[in-house]
Amino acid sequence: MEYKVEKKSAPGRKEVEVLGATFEEGKPEGEELGRWMQKLESRQDKLKYLQTGERYWYGKEWYGSEKRKNPA
């Protein structure tokens with residue numbers, strides 16, 4: 001794969017080299033790739049997968065922007 005390098009002006013400097021697009025054009029093949037629910041067997045595995053992905057909301061030790069470590 002050949003990468004495209006562009007020259008652009010930057011604040012405080014003359015010109016810098018910037019790496020262009022690095023993705024390959026096309027569409028993903030096989031619709032089974034995105035079906036995570038069929039890959040997990042039990043209900044418990046599915047819940048664990050979702051809770052891991054949503055640890056911002058389900059975690060007890062996680063402090064996101066909506067939660068305070070010390071209550072006001």
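Just so we're clear, the structure is a prediction, and the values are computed from it rather than from any experiment. All residue numbers in this chain count up from 1 along the given sequence.
Hydrophobic cluster of Val18: the remaining members, joined at side-chain heavy-atom separations below 4.5 Å, are Val16, listed by chain and number.
The side chain to side chain contact (heavy atoms under 4.5 Å, CB included) test applied to Glu15 returns Lys7, not counting sequence neighbours. Partners of Lys8 according to the salt bridge (Lys or Arg N to Asp or Glu O under 4.0 Å) rule, which considers only residues two or more places apart in sequence or in another chain, are Glu6.
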Extract all donor-acceptor atom pairs below 3.5 Å that involve side chains of residues 39-46 and protein atoms in other chains or at least two apart in sequence.
residue	atom	partner	partner atom	Å
Lys39	NZ	Leu33	O	3.4
Ser42	OG	Asp45	N	3.2
Ser42	OG	Asp45	OD2	3.3

